[in-house]
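For reference, the structure is listed below as structure tokens.
Note that these values count all heavy atoms, side chains included, but never hydrogens, waters or copies made by symmetry. Just so it is clear: chains get the letters A, B, ... in the order the sequence lines come, proteins before strands, and each one is counted from 1.
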Protein chains: 2
Amino acid sequence: MQDRTRDLGGSAPLLESALRQFAAVGFEGASLQRIAADAGLSKSSVLYHFASKEALLDAALRPAVEDLTELVEDLVALSDDPSRHVFLARFVDYLFEHRLAIAVIINHGQALAGHAVIDEADALVRDLAFRIGPPGGKDRRSLRFGVALSGAAFVLIAADRWATDHVPDEEVRAELVDVLGEFVLGVQQPA
Amino acid sequence: MQDRTRDLGGSAPLLESALRQFAAVGFEGASLQRIAADAGLSKSSVLYHFASKEALLDAALRPAVEDLTELVEDLVALSDDPSRHVFLARFVDYLFEHRLAIAVIINHGQALAGHAVIDEADALVRDLAFRIGPPGGKDRRSLRFGVALSGAAFVLIAADRWATDHVPDEEVRAELVDVLGEFVLGVQQPA
DNA sequence: CAGCGTACTGCACGATCGGTCAGGACCGGC
DNA sequence: GCCGGTCCTGACCGATCGTGCAGTACGCTG
């Protein structure tokens, strides 16, 4: 799973709590105060590590965007292969690892249009939607992929809230691979 | 389509702009000032019509929750019928009519847990997820329904942002009925 | 005309927002 | 022992937050 521990100079817990807050209440709704408290720091400390709230958003989403870039490049490489189910499993793994970042991009992306990271992520997702998926008009493909991606993101965040008991990650992962395969790679409905 | 024009004493545009803001930036991120300005009123006027920001959220989501209640009751009535595809078309219509409210409930519900309307809506959605869908463990069914619902909600909000040209509602609707049918009512993946 | 209810507003409040700044605690190297 | 750098802090700024309140314009009923 490549190089865990990027550079991020020790501010990892800060990025995590920032991501949690952004995913939960959105960028505007999240306050530096709460993010700081959640990470066990003062507000000033947050602004020492990151020049602004927007810079914090950028840093928090950056790893997810970088990994997504890599993922799209790999998809381009294997192009017309039937090994797409393997790719899909990789994609689900990606969603698991970056579930909070994905939630921010998908659920709050609308309101954050204009911010560099968000636009970048949006372009990547659109690209992915265009390259993956069954034949059909590109809008149709985008729609299907949109449903699948956003649905998956929701489940990754809300699975525990909805399930009666805790569902282990492994089970959710398997079901997601199944569901997305059926969905994105195209199984026609009978009649 | 039952009684359009509920009672709401003339404050309909206010509720609409409130819904827009809540869906876009979440409850915490939305400010009464912006909601008021968007509706062409002063902040004080908003608090004249609704006792608090939370009361405004309640009023804005209430119609969607009521219609959803009705929808679930109808689903219970037809129970084991094979007319589920008809019900699904109705459900998609519902999603269209209340797309903003659905976006709030789905995307921001997590952060709003505890608010009466949200908990009510959550229970309804869970109930719907349990009653609809293919056989399988209830968690598995909930997961599939969760993916479908959240995915649909996303598409209804973001369709225009993603599509290269504007996709007419009618087309999205047809595709959604198709997609959700295949997805929620259960078509097994070959192999 | 007087009186009342409805819709709406400006102003003021305490709290919190994102952000600046001066300084304190701790570090290794000179 | 002093210095520079890293990490972190509290105090403070102007703006905006949700909310309360007094007041105003308007239309109805008597």
Side-chain angles (χ1 to χ4, degrees), chain A residues 5-62 100 104 108-118, chain B residues 5-62 104 108-109 111-118:
Chain A
T5 67
R6 287 164 225 264
D7 52 335
L8 35 89
S11 53
L14 218 179
L15 288 179
E16 276 178 41
S17 49
L19 222 37
R20 266 195 302 271
Q21 291 290 320
F22 290 150
V25 295
F27 180 70
E28 305 214 40
S31 83
L32 292 178
Q33 207 115 235
R34 257 206 297 271
I35 293 171
D38 196 66
L41 291 176
S42 72
K43 189 176 57 162
S44 305
S45 279
V46 177
L47 288 163
Y48 164 75
H49 287 288
F50 305 96
S52 68
K53 195 185 180 185
E54 186 170 351
L56 177 57
L57 174 74
D58 188 290
L61 295 184
R62 188 57 61 188
L100 288 177
V104 173
H108 307 289
Q110 203 104 348
L112 294 173
H115 298 242
V117 214
I118 295 288
Chain B
T5 67
R6 288 165 223 265
D7 52 335
L8 35 89
S11 52
L14 218 180
L15 288 179
E16 275 177 42
S17 49
L19 222 36
R20 267 196 301 272
Q21 291 291 319
F22 290 150
V25 295
F27 179 70
E28 305 215 40
S31 83
L32 293 178
Q33 206 116 238
R34 259 206 297 271
I35 293 171
D38 196 66
L41 292 175
S42 73
K43 192 173 53 162
S44 304
S45 279
V46 177
L47 287 163
Y48 164 75
H49 288 287
F50 305 96
S52 68
K53 193 184 180 184
E54 186 171 352
L56 177 56
L57 174 74
D58 187 290
L61 296 184
R62 187 57 62 188
V104 173
H108 307 288
L112 295 173
H115 299 241
V117 214
I118 295 288

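- Using a 4.0 Å heavy-atom criterion, one finds that B:Ala30 contacts the sugar-phosphate atoms exclusively.
- Annotation: salt bridge (Lys or Arg N to Asp or Glu O under 4.0 Å) contacts involving residues 43-57 of chain A, sequence neighbours excluded, are absent.
- Residues passing the ring pair (Phe, Tyr, Trp, His ring centres under 6.0 Å) test with B:Phe27, sequence neighbours excluded: B:Phe22, B:His115.
- A distance-only check finds a donor-acceptor pair linking the side chain of A:Ser52 to the backbone of A:Ala55 [under 3.5 Å].
- Non-hydrogen atoms lying under 4.0 Å from DNA chain C are contributed by nothing in residues 18-29 of chain B.
- The separation between A:Leu47 atom CG and D:dC7 atom P is 15 Å, rounded to whole Å.
- Pairs passing the salt bridge (Lys or Arg N to Asp or Glu O under 4.0 Å) check and including a residue from residues 24-37 of chain A, sequence neighbours excluded, read A:Glu28-B:Arg34, A:Arg34-B:Glu28.
- Taken to the nearest 0.5 Å, the CZ atom of A:Phe50 stands 4.0 Å off from the CG atom of A:Leu15.
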A:Ile35/A:Leu41 under side-chain contact (heavy atoms from CB on, under 4.5 Å): CA gap, chis, key distance, verdict
CA-CA 8 Å; A:Ile35 293 171; A:Leu41 291 176; over 6 Å; no
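- An OP1 or OP2 oxygen of D:dC8 is reached within less than 4.0 angstrom by a side-chain nitrogen or oxygen of A:His49.
- Comparing A:Tyr48 and A:Ser42, the nucleotide of DNA chain D nearest to each residue sits closer to the 5' end for A:Tyr48.
- For the segment residues 31-41 of chain B, the set of residues with a heavy atom within less than 4.0 Å of an atom of DNA chain D comprises B:Ser31, B:Leu32, B:Gln33, in numerical order.
- The base of D:dG10 is paired with the side chain of A:Ser44 by a donor and an acceptor separated by under 3.5 Å.
- In this model, no side-chain donor or acceptor of A:Lys43 finds a partner on the base of D:dT9 within 3.5 Å.
- Atom NZ of A:Lys53 is separated from atom C1' of D:dA15 by 14 Å (rounded to the nearest Å).
- Note on residues 11-23 of chain A: pairs passing salt bridge (Lys or Arg N to Asp or Glu O under 4.0 Å), not counting sequence neighbours, are A:Arg20-A:Asp38.
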Run the side-chain contact (heavy atoms from CB on, under 4.5 Å) check on B:Leu57 and B:Leu112 step by step: do they pass?
CA-CA 10 Å; B:Leu57 174 74; B:Leu112 295 173; 4.3 Å; yes
